[in-house]
Every structure is written in structure tokens, then in C-alpha cells.
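Remarks on the structure that follows.
Because the structure is a prediction, the values reported are computed rather than measured.
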Amino acid sequence: MAHNVKTGKTQAGDEVIMGPTGRPYHGFDTPKKLDQHGPARIIALCNQKGGVGKTTTSINLAAALAGYGRKVLAVDFDPQGALSAGLGVATHDVPTVYDLLLDPKRDAHEVIVETAVEGLDILPANIDLSAAEVHLVNEVAREMILSRVLRQVAGEYDVILIDCQPSLGLLTVNALTASHGVLIPLECEFFALRGVALLIETIDKVRDRLNPSIELDGVLATMYDPRTLHSREVLERVVDAFGDDVLETVIGRTVKFPDASVAGMPITEFAPEHPAAQAYLRLARELVSRGAVA
Ligand SMILES: Nc1ncnc2c1ncn2[C@@H]1O[C@H](COP(=O)(O)OP(=O)(O)OP(=O)(O)O)[C@@H](O)[C@H]1O
Ligand SMILES: [Mg+2]
């Protein structure tokens, strides 16, 4: 972070360290322990652009929140099954979220599995899910099927994170319809903002027609490299576009993420002292302090 230390002045004239989004740096308080669990706040991680850090954020934010004593359910809602793989959960020949979509009367508890991280469960997915859009298209209230599925278990968790696939199709609309909030990861790269208008439009449509209370919980800058002017400029443009909706926590670019994925572990367990693990812990604290998570 040494490249990145900038100072500024508060209104009272005190000198403070500024974070990369141009606001004074905050560590955010450690979340208070919860006496009881649930009902969950449901958050979709959504961006139709591929490879922006949706799955990496789902895994590591889920593990960080579990580390702070939250009961967390991570929903793999991408037929690639990367969330399941990243948490070391087998997806071959097991029931998955797809089976619940086809038969919402089926008990979700039978499909949810525990991960190696205490307090973190997962609803796995595999390639079967790629058939879901075709199967669901003629269903009554086809946008609300995931919402019905999650209603069965929402009382038992503090937070449910839905890892969406890179598309704005029926599955993603189901995720947005089921959610209280949406978190948009944006890669600090060329074209980061391309397509975001369409994503915001989709969220607005879902708010108008299906889920009036859905909120934008935040825009998360990922793969930030403070050494490159380019990365800093992209982040500046993201802040210009989204203002205070840009989360103060920024995720740096590091090869530790691919390494952790190969190991099937969250980075908070794979390399807990690494700055990237610390960044996701801080993101968890920031979301609690913003009230996005209990
Ligand atoms: N901060 C980071 N620094 C470096 N590499 C990262 C970072 N975050 C994610 N990656 C890597 O980038 C690739 C894409 O990340 P990820 O799978 O999380 O994105 P995604 O938005 O879920 O992609 P998709 O749209 O395909 O589902 C992965 O190989 C991941 O390990
Ligand atoms: Mg993904």
C-alpha cells in the first residue's frame, strides 16, 4: 500500500490518511457478537461482465462474515460451479440448487452442505443449472422461484450471498428478486463501466416490477493495482459515477486468489495474514457498519 498513502485534511483541519476512493481511511469496528441468528439479509453479487470477482468476493466475504460469528449461506447460482469448487465442495452426483428450482417443495435442507469453514454453508450448483432458464421460462411466477426456495431457510442464517452468473438472464433476475440488496463488483480495468448502465437498468426494472425494496448495497472495486496510473484512473471514474455507493474497501490484485481457489479454500483461511485476506475482513466489517449485514 506504500504507493498509495495519501493524506488529506478533515474539516477540523486534522491530517488524515486517505483511502484509495478519496475518503479518509477507516478500519471499521469489529462487529458485535450476535445473540441470536436470522432472519437473513439476502445479497446478490451481480455483474453480467465475466471475471470481475463475483465468485471470489462471494467466497471470501462469506468466510469473513462467518469468521465474525455470522451464520452464512453461500448460494452458487452459476452453472460453472466455481463457488462450490472454491469452497472445496463436490458437485458431481449430488443434489443442487437446480433440483430445488425444479421442485420448490423439495426441502432445501437436504441440499445445503456445510463447508470446512465454521458457520458457512453452501447451496451448490453444477452444470445442470444451465438447463434451468429453459425449464423455468414457462413457469408461473418464474422470476420468484429462488425467492421461494430461500424462504425455507432464511430464518436460520444472518446473511445469504448469491453468486450470480455473468448474464442478466432469468437466473440473475431470480437472484435479484430474492434479494434485499445487491453488491456490484467492478474490476479496475478498461471497460469496467461498460455494461454497468444496463445492469443498473435491470436492477431498476426488478425494483419496479418484482421486488420494490431491493437496494444497491455497494459497488466494490476489485483487482486494484495502486502502482498503475490506469487502475487509479479507473477507480476515480467509478467514484465519479457512483459516489458514496463505492465501498471504501478496495480489493487489490494478487495471485493469492487463484492459488486459494486451487486449494479450494477462502483466502481468509489459506493466507489469513495476506493483505487480500485482510481486505475481505475489512469489507465484512464495512458492510456490517453500513447495516447491509447484521
Ligand atoms: N483481486 C484479485 N486479484 C487477482 N486475481 C483475482 C482477484 N479476484 C479474482 N481474481 C481471479 O480472477 C478470476 C475471475 O475471478 P472470479 O471468478 O471471482 O470472477 P467472476 O466475476 O465470478 O467470474 P465469472 O463471471 O466467470 O463468474 C479468477 O481466476 C480469480 O481467481
Ligand atoms: Mg463467478
*Would you mind reporting whether D78 and P166 have side-chain heavy atoms less than 4.5 Å apart?*
yes
*Heavy-atom check, side chain of V293 versus side chain of L65, under 4.5 Å*: yes
*Looking only at heavy atoms, what is the nearest atom pair of A125 and T96, with distance?*
CA-CB, 4.0 Å
_Nearest atoms (heavy-atom pairs only) where A82 meets D76_ = N-OD2, 3.9 Å
*Is there a side-chain contact between C46 and K54, using heavy atoms and a 4.5 Å cut-off?*
no
*Are L287 and L247 close enough, and set up right, to give a side chain to side chain contact (heavy atoms under 4.5 Å, CB included), and what steps lead you there?*
CA-CA 9 Å; L287 289 172; L247 296 166; 4.1 Å; yes
_Would you say that E248 contacts F28 through its side chain, given a criterion of any heavy-atom pair below 4.5 Å between the two side chains?_
yes
*Give a yes-or-no answer on whether the side chains of E156 and H109 include a donor-acceptor pair shorter than 3.5 Å.*
yes
*Does N211 use its side chain to pair, donor to acceptor, with the backbone of L176 at less than 3.5 Å?*
yes
*So which residues get pulled into L171's cluster when ILVMFWY side chains under 4.5 Å apart are joined, directly or through others?*
I42, L73, V75, F77, V97, Y98, L100, L101, L102, V111, I112, L123, L129, L136, I145, L146, V149, L150, V153, Y157, I160, I162, L170
*Evaluate side chain to side chain contact (heavy atoms under 4.5 Å, CB included) for Y224 paired with I251, printing each intermediate quantity in order.*
CA-CA 6 Å; Y224 178 68; I251 309 299; over 6 Å; no
*In the hydrophobic clustering (ILVMFWY, side-chain contacts below 4.5 Å, transitive), which residues join F270, or is it alone?*
M265
*asked:* Do the side chains of E286 and R282 get close enough for a salt bridge, i.e. N-O under 4.0 angstrom?
replied: no
*Could you give the distance from CD (E269) to CD1 (I59), rounded to the nearest 0.5 Å?*
12.0 Å
_F257 and M223: CA distance, side-chain angles, deciding distance, side chain to side chain contact (heavy atoms under 4.5 Å, CB included) verdict_ = CA-CA 10 Å; F257 286 112; M223 305 190 210; over 6 Å; no
*Could you verify whether a donor N or O on one side chain and an acceptor N or O on the other, from Q48 and S167, lie under 3.5 Å apart?*
no
_Contact between E215 and V182 at the side-chain level, heavy atoms closer than 4.5 Å - yes or no?_
no
*State, with a plain yes or no, whether a side-chain heavy atom of D121 is found less than 4.5 Å away from one of T115.*
no
*Starting at OG1 of T254, measure out to CG of D259 and round the result to the nearest 0.5 Å.*
7.5 Å
_Any side-chain donor near an acceptor of the partner, T57 and Y280, under 3.5 Å_ = yes
*asked:* Does the Lys NZ or Arg CZ of R194 fall within the cation-pi geometry relative to F191 - under 6.0 Å from the ring centre and within 45° of the axis?
replied: yes
_Note: R232-D225 ion pair, threshold 4.0 Å (strictly below)_ = no
_Pairing donors with acceptors under 3.5 angstrom, does anything connect the side chains of E143 and T177?_
no
_Validation row: R285, T249 side chains within 4.5 angstrom (heavy atoms)_ = no
*State, with a plain yes or no, whether a side-chain heavy atom of L161 is found less than 4.5 Å away from one of L183.*
no
_Given 3.5 Å as the limit, does a donor-acceptor pair link the side chain of R41 with the main chain of A294, or not?_
no
*asked:* What verdict does the side chain to side chain donor-acceptor pair (under 3.5 Å) test give for T222 and E187, after you've listed the backbone C-alpha separation in whole Å, the side-chain angles of each residue and the deciding distance to 0.1 Å?
replied: CA-CA 5 Å; T222 65; E187 184 189 4; over 6 Å; no
*Does the distance from a Lys or Arg side-chain N to an Asp or Glu carboxylate O, for D240 and R237, drop under 4.0 Å?*
no
